[in-house]
Amino acid sequence: MSTETDTAKPTQQDSSVNRPYAVILYGATSFVGQITAHYLTNFLSNAKNKDGSNVTWAIAGRDEEKLNELQSKLESKVDIIIANSKDPVSLNNMTKQTQVIISTVGPYLKYGEPLIKSCAENGTDYVDLTGEAIFIKDMMDKYQDTAQQSGARIVNSCGFDSIPSDLGVYFTQTKAEEKFGEACNVIHMRVKAAKGGISGGTIASMATIFEEVGEDKSRRKQVANPYLLNDDTDVPNVRQDNVSKPEYDSTHKRWLAPFVMASINTRIVHRSNQLLDYEYGRDFKYDEAMWMKDGVKGKLSSYAMSAGLLGFATAMMIKPSRELLSKHVLPKAGTGPSKDEQENGYFDIRHFGQTAKNDTITVKVTGDKDPGYGSTSRMLAQAALCLAQDISKEDVGGGFWTPASAMGDKLIARLEEHSGLSFEVVEG
């Protein structure tokens, strides 16, 4: 399955190749930014790592004191760049110096647009870890044409949102075509197991989305649209399944519960299908859910999780309860799981694919660190390096892409070699 497409070829020569930095990490002092900075330092300074040779990078943000403190803790010295999302001149100065920007500055709905704008205008590639589908939609509507003209490749959702889902589907379809001669027209993603914490930054992003949805009815309609990120003129209209309440999976004898990240992951997967010229098929159906156990315990767990998610979403859409939870209950910005929790975390998800001829395939995608932070920082860093080193602008030009459509097999290879992820076909 090829990731090359004519959707967005660059219309001018790539001007970013001779810039002083291959990568700049913006928001380096955020919780996930610090984890990413330490991973990049270790990865790029490893003499045995040929992929890290001759890569010059820098950390960036608005607080020079915090950046200096972070720099002092890194195993090798990196440059510091001062930039602020409220200062367009500083952002342009930063984005003109690098091939790729990594952004960990969220909530993206509040703080993300100025950097996207700067990258799109200056032909600078960009990756982030946003789970905010309406933010991606807004940015596509405003800056797609600019990015196509400048050659800037904008690739959102390069963390646990949504690489395991997006590349998992891509990998499943590649193997199905090899084995059966056709892609799967249905894939069910199930979270079999996951262990990890949640940070204040993630909570802040969720709060921002719920605030938008609670105050604007048009946003609710956007959030409910499975094809929100498909921007072609002939968007499919296949009804998509959505596990929004407890269900029993009789095939695998397990109860199902809603998966909180399905609302972003499914949209990314459908956009990948579009950008890959609908290689998955125009009738492709995809859904996500969490596996619970069989029997009474599984049923109770499924109902409890479903009720908890519904209650949380409802509370976060109402201003007084949202403020109460944010101030007194939920993690604060800049906090998150401990280093031990990150190291001891993991995830195991399965993609169950079926073709129109009823041939079936199962793919297992795993990560050996906390999904939201330990694994996400590695996915984010390798996505940026993949764009900088592996994907030419002749093959993938400017515009808004997804991990699968922009980087496909090359990113999978990087993640398996350097990030503790694995993609494999398994039985059942």
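Just so you know, residue 1 is the first one in the sequence shown, and it goes up from there.
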Q: Could you check S157 against I264 for side-chain contact (heavy atoms from CB on, under 4.5 Å), going step by step and ending with a plain yes or no?
A: CA-CA 9 Å; S157 304; I264 177 65; 4.0 Å; yes
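- Side-chain atoms of N230 and H270 include no donor-acceptor pair closer than 3.5 Å.
- For N92 and S118, the side-chain atoms include at least one donor-acceptor pair closer than 3.5 Å.
- Although no hydrogens or angles enter the test, the distance criterion places a donor-acceptor pair under 3.5 Å between the side chain of S338 and the main chain of E341.
- For F180, the CZ atom sits in a packed shell: over 12 heavy atoms of surrounding residues, nucleotides or ligands are nearer than 6.0 Å.
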In a table with atom names and distances, give each donor-acceptor pair under 3.5 Å that connects a side chain of residues 221-229 to protein atoms at least two apart or in another chain.
unit_1: Q222; atom_1: OE1; unit_2: R219; atom_2: NH1; d: 2.8
unit_1: N225; atom_1: OD1; unit_2: Y227; atom_2: N; d: 2.9
unit_1: Y227; atom_1: OH; unit_2: V238; atom_2: O; d: 3.4
unit_1: Y227; atom_1: OH; unit_2: Q240; atom_2: NE2; d: 2.9

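- Residues D128 and T130 bring no donor and acceptor atom of their side chains to less than 3.5 Å of each other.
- Between Y373 and the options V32, T36, L129, a side-chain contact (heavy atoms from CB on, under 4.5 Å) holds for only V32.
- Ring pair F352/W291: centre-to-centre distance below 6.0 Å.
- With respect to E343 and K339, no salt bridge is recorded, no charged nitrogen being found less than 4.0 Å from a carboxylate O.
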Determine, stepwise, if the pair E424 / V363 fulfils side-chain contact (heavy atoms from CB on, under 4.5 Å). CA-CA 6 Å; E424 60 180 314; V363 162; over 6 Å; no
Please test S30 against T104 for side-chain hydrogen bond (donor to acceptor under 3.5 Å, both in side chains), starting from the C-alpha separation and ending with a verdict.
CA-CA 7 Å; S30 69; T104 65; 2.9 Å; yes
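- Side-chain contact between L91 and Y26 is present, with at least one heavy-atom pair separated by less than 4.5 Å.
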* To do: Start with the C-alpha gap between F400 and I116, add the side-chain angles, then the distance that decides, and say whether side-chain contact (heavy atoms from CB on, under 4.5 Å) holds.
  => CA-CA 10 Å; F400 281 73; I116 293 274; 4.0 Å; yes
Worksheet entry | side-chain contact (heavy atoms from CB on, under 4.5 Å) between D368 and Y346, worked out | CA-CA 5 Å; D368 64 357; Y346 58 86; 5.8 Å; no
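- The minimum heavy-atom distance linking V127 with A384 is given by the pair CG2-CB, 3.9 Å.
- Between the side chain of Q148 and the main chain of G399, no donor-acceptor pair closer than 3.5 Å is present.
- Here the CD1-CD distance, from I318 to E211, works out to 13.0 Å after rounding to the nearest 0.5 Å.
- The shortest distance between side-chain heavy atoms of L25 and V78 does not fall below 4.5 Å.
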For this session: Please step through side-chain hydrogen bond (donor to acceptor under 3.5 Å, both in side chains) for the pair S422 and T366, ending with a clear verdict.
Result: CA-CA 5 Å; S422 68; T366 61; 2.6 Å; yes
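- The two atoms that bring S85 and Y111 nearest to each other are CB-O, 3.9 Å, heavy atoms only.
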Assess whether side-chain hydrogen bond (donor to acceptor under 3.5 Å, both in side chains) is satisfied between S165 and S162, documenting all intermediate values. CA-CA 5 Å; S165 298; S162 300; 5.9 Å; no
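- The closest side-chain heavy-atom distance from I391 to K410 is below 4.5 Å.
- Looking only at distances, no side-chain donor or acceptor of D216 sits under 3.5 Å from a matching main-chain atom of E212.
- Side chain to side chain, Q382 and S419 fail the donor-acceptor criterion of an N or O pair below 3.5 Å.
- In this structure, C119 and I154 have side chains that are in contact, with non-hydrogen atoms separated by less than 4.5 Å.
- Atom CD1 of I134 is separated from atom CE of M139 by 10.5 Å, given to the nearest 0.5 angstrom.
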Considering only distance and modelled atom types, tabulate donor-acceptor pairs under 3.5 Å from the side chains of residues 58-68, sequence neighbours left out.
unit_1: D63; atom_1: OD1; unit_2: E65; atom_2: N; d: 3.1
unit_1: D63; atom_1: OD1; unit_2: K66; atom_2: N; d: 3.1
unit_1: N68; atom_1: ND2; unit_2: E64; atom_2: O; d: 3.2

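- Shortest non-hydrogen contact noted between C158 and I163 is O-CD1, 3.4 Å.
- Within the 4.5 Å cutoff, side-chain heavy atoms of H38 are placed close to those of K73.
- Considering all non-hydrogen atoms of both residues, P236 and Y278 come closest at CD-OH, 3.2 Å.
- Listed by chain and number, the residues in a salt bridge (charged side-chain N to carboxylate O under 4.0 Å, His left out) with K217 amount to none (sequence neighbours excluded).
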- [ ] Apply side-chain hydrogen bond (donor to acceptor under 3.5 Å, both in side chains) to E121 and T146, showing your working.
- [x] CA-CA 6 Å; E121 291 177 347; T146 303; over 6 Å; no
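- Not one N or O on the side chain of T124 forms a donor-acceptor pair closer than 3.5 Å with the backbone of V100.
- Closest approach of A289 to L256, counting heavy atoms only: CB-CB, 4.3 Å.
- Proximity of V260 to L309: side-chain heavy atoms (C-beta onward) are separated by under 4.5 Å at one or more points.
- Look at E113 and K117 and you find no salt bridge, because none of the NZ, NE, NH1 or NH2 atoms lies under 4.0 Å from a carboxylate O.
- In this structure, H351 and V365 have side chains that are in contact, with non-hydrogen atoms separated by less than 4.5 Å.
- Between F423 and F171, the two ring planes are tilted [angle within 30° to 60°].
- At distances below 3.5 Å, not a single donor-acceptor pair connects side-chain atoms of E178 with backbone N or O atoms of K175.
- No side-chain heavy atom of F259 sits under 4.5 Å from any side-chain heavy atom of I349.
- Applying the salt bridge (charged side-chain N to carboxylate O under 4.0 Å, His left out) rule to D125 yields the partners R153, K393; only residues at least two apart in sequence or on another chain are considered.
- Side chain of S375 to main chain of P371: no donor-acceptor pair is present (N/O by atom type, distance under 3.5 Å, no hydrogens or angles).
- In the model, N265 has no side-chain atom that pairs as donor or acceptor with a side-chain atom of D166 under 3.5 Å.
- Legend: ring pair (Phe, Tyr, Trp, His ring centres under 6.0 Å) pairs involving residues 114-162, not counting sequence neighbours, sorted by first then second residue: Y108-F135, F160-F347.
- Residue P164 comes nearest to G159 through the heavy atom pair CD-O, 3.6 Å, listed as atom of the first residue, atom of the second, then distance.
- Formation of a donor-acceptor pair under 3.5 Å by the Q173 side chain with backbone atoms of C184 is found in this model.
- Note on K137 versus D141: salt bridge recorded, some NZ/NE/NH1/NH2 to OD/OE distance being below 4.0 Å.
- Residue I209 holds its CD1 atom at 7.0 Å from OG of S263, rounded to the nearest 0.5 Å.
- Residue pairs meeting the salt bridge (charged side-chain N to carboxylate O under 4.0 Å, His left out) criterion with at least one partner in residues 223-243, sequence neighbours excluded, are D231-R271, D234-R282, D241-K285.
- A donor-acceptor distance shorter than 3.5 angstrom exists from the side chain of D87 to the backbone of V89, with no hydrogens or angles considered.
- No donor-acceptor pair under 3.5 Å is formed between the side chain of D287 and the backbone N or O of M189.
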